[in-house]
Amino acid sequence: MHVRPDLRSDIGSSIVSDAASVTPIVLEAMKRGDNPRLREVLALLVTHVHAFLREARLTDDEYEYALDFVRRVGLACNDKHNEVVLLADVLGFSTLVKVLNNSLHLESTGGALLGPFYRGNSPHYELGASLDQQSTSDPVLFVSGHVKATDGTPVVGAKVDVWQASPVGLYENQDPGQPDMNLRGNFSTSASGEFHFQTVRPAGYPVPTNGPVGELLREQKRHPYRPAHLHFVVFAQGFDTLISQIFADDAEYLNSDVVFGVTRDLIGKFERHDAGSGPHPGQPQSYYTLHCEFVLAEGVATLPTPPIK
Ligand code: BEZ
Ligand code: FE
């Protein structure tokens with residue numbers, strides 16, 4: 001093709017001459033924003049995605065399919081479900097961000113995904129109360145724990161907010177058979193920084209698979225399950241809020257969590273006791289105990305925004 005001589009020198013313009021010229025042109029166009037951190041992050045994003053596109057050499061059809069997939073992920077979101085977060089989770093993005101940020105505070109307990117089922121207004125219970133409003137015959141779990149600062153001093157009056165799936169793997173908001181706020185509650189730590197409560201053993205459960213993320217998992221021949229776990233938000237003035245999860249050491253899928261949320265330090269020992277033995281000998285059936293230690297880093301206490309009401 002004939003190129004007009006006066007257009008041959010494109011320095012400073014955004015006229016593309018070949019594939020190699022695209023990335024510097026885009027980076028140049030993005031230099032003017034006022035926010036330096038946003039400039040830095042977007043420049044890295046463009047540099048890495050352009051490098052990916054050079055390597056992957058997507059066909060036009062593949063590129064159109066990918067854009068349409070992202071469109072469908074957006075359409076699958078509503079007030080009760082966030083498919084964008086789910087996509088980030090199953091691709092390991094969310095866990096990578098968590099683990100990178102945890103490595104900045106090695107002296108405190110590692111954070112884990114908040115997940116889509118946190119409700120901010122759980123009922124407050126006295127220490128020792130049960131989260132199980134149904135008094136089911138499912139295996140009872142006694143949870144005890146300790147909240148400490150990094151120097152070992154107990155954190156008194158910390159709010160420990162807990163939520164979990166039922167023994168069949170459903171959160172109460174997914175299950176019309178459970179009372180509102182079942183298996184959710186918050187406790188205040190005692191003068192020695194301790195908390196304890198009774199609940200039922202949670203089961204593992206599948207992440208939602210009726211949207212485009214489910215299609216992706218099926219295409220990749222991946223199962224959709226998370227191993228059994230309890231969620232915690234530990235909140236105390238003067239400390240970074242800890243958002244964490246504790247996984248059952250004997251849980252199915254512990255080694256293949258669909259959202260890669262299991263880190264070694266968050267695996268809890270679920271100890272089984274026969275009826276009439278162990279620390280709760282009055283139990284008529286076999287039961288479990290779990291002890292958790294939460295170490296909080298000094299910082300500013302903030303509460304996460306609940307993804308559902
Ligand atoms: C959860 O643990 O509740 C969860 C986390 C990520 C995706 C789906 C569920
Ligand atoms: Fe969960």
Side-chain angles (χ1 to χ4, degrees), residues 73 76-99 101-102 109-122 131-132 138 141 143 160-175 178 181-186 199-218 220 222-234 241-263 265-268 270 290 292 303-309:
V73 168
C77 293
N78 56 47
D79 286 350
K80 294 206 181 306
H81 174 72
N82 193 325
E83 189 88 354
V84 177
V85 173
L86 187 60
L87 179 63
D89 292 346
V90 304
L91 293 177
F93 297 171
S94 309
T95 289
L96 179 57
V97 170
K98 269 284 166 210
V99 173
N101 289 333
N102 286 347
T109 304
L113 308 178
L114 179 69
F117 300 119
Y118 169 63
R119 292 175 71 181
N121 48 350
S122 69
L131 296 181
D132 178 16
D138 294 304
L141 170 66
V143 181
V160 179
D161 198 350
V162 192
W163 68 106
Q164 64 165 88
S166 70
V168 299
L170 289 170
Y171 287 84
E172 58 62 55
N173 56 295
Q174 301 175 298
D175 180 2
Q178 290 182 56
M181 291 290 178
N182 193 40
L183 304 179
R184 298 176 184 269
N186 69 79
T199 183
V200 282
R201 253 197 87 123
Y205 57 85
V207 298
T209 54
N210 52 353
V213 172
E215 266 173 51
L216 177 72
L217 292 175
R218 284 187 287 279
Q220 295 181 319
R222 290 168 61 187
H223 73 69
Y225 287 91
R226 301 217 64 208
H229 57 273
L230 293 155
H231 289 266
F232 291 90
V233 168
V234 186
T241 300
L242 174 65
I243 298 171
S244 204
Q245 299 182 18
I246 300 290
F247 296 89
D249 54 348
D250 57 354
E252 204 179 351
Y253 309 112
L254 188 68
N255 289 312
S256 62
D257 182 3
V258 66
V259 298
F260 311 100
V262 183
T263 55
D265 52 330
L266 299 181
I267 300 175
F270 278 52
L290 166 71
C292 318
L303 278 174
T305 307
I308 54 171
K309 292 233 166 76

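Counting from 1, the numbers follow the sequence of the chain as shown. All figures in this text were calculated on a predicted structure; none of them were measured in a lab. Order of appearance sets the numbers: ligands from 1, and atoms from 1 within every ligand.
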| Parallel, tilted or perpendicular for Phe117 and Tyr171, by the 30°/60° rule? |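 Phe117 vs Tyr171 ring planes: parallel.
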| message | If we only consider heavy atoms of Tyr118, is any one of them less than 4.0 Å away from an atom in ligand 1? | response |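 No, that is not the case, since the closest heavy atom of the residue is not under 4.0 Å from the ligand.
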Quick check: do [X] and [Y] have side-chain heavy atoms less than 4.5 Å from each other?
X: Gln245; Y: Arg226; result: yes
X: Asp132; Y: Asn182; result: yes
X: Asn82; Y: Pro116; result: no
X: Leu242; Y: Phe232; result: no

| query | side-chain contact (heavy atoms from CB on, under 4.5 Å) between Cys77 and Val84: does it pass, once the steps are laid out? | reply | CA-CA 7 Å; Cys77 293; Val84 177; 3.8 Å; yes
| message | If you round to 10 degrees, what value do you get for the angle at the Fe ion (ligand 2) between His229 atom NE2 and His231 atom NE2? | response |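 Once rounded, the angle between the two atoms at the Fe ion (ligand 2) is 90°.
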Would you mind checking which non-hydrogen protein atom is closest to [atom], with the distance to 0.1 Å?
atom: atom 2 (O) of ligand 1; answer: Arg226 NH1, 2.5 Å
atom: atom 6 (C) of ligand 1; answer: Asp89 OD2, 3.2 Å
atom: atom 4 (C) of ligand 1; answer: Pro116 CD, 3.3 Å
atom: atom 3 (O) of ligand 1; answer: Tyr205 OH, 2.7 Å

| message | Restricting to N/O/S atoms, is Tyr205 within less than 2.8 Å of the Fe ion (ligand 2) or not? | response |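 True for Tyr205.
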| message | At a threshold of 2.8 Å, where the distance has to be below it, does the Fe ion (ligand 2) have an N, O or S atom of Gln164 nearby? | response |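 No N, O or S atom of Gln164 is closer than 2.8 Å to the Fe ion (ligand 2), so no.
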For [X], counting its heavy atoms only, list the atoms of ligand 1 lying under 4.0 Å from any of them.
X: His231; answer: 1 (C), 2 (O), 3 (O)
X: Gln245; answer: 2 (O)
X: Tyr171; answer: 3 (O)

| Donor-acceptor under 3.5 Å (Gln178 side chain, Leu170 main chain) |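 Side chain of Gln178 to backbone of Leu170: a pair is present.
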| Going through the distances and angles, do Tyr118 and His231 end up as a ring-ring contact (aromatic ring centres under 6.0 Å, His included)? | CA-CA 8 Å; Tyr118 169 63; His231 289 266; 8.9 Å; no
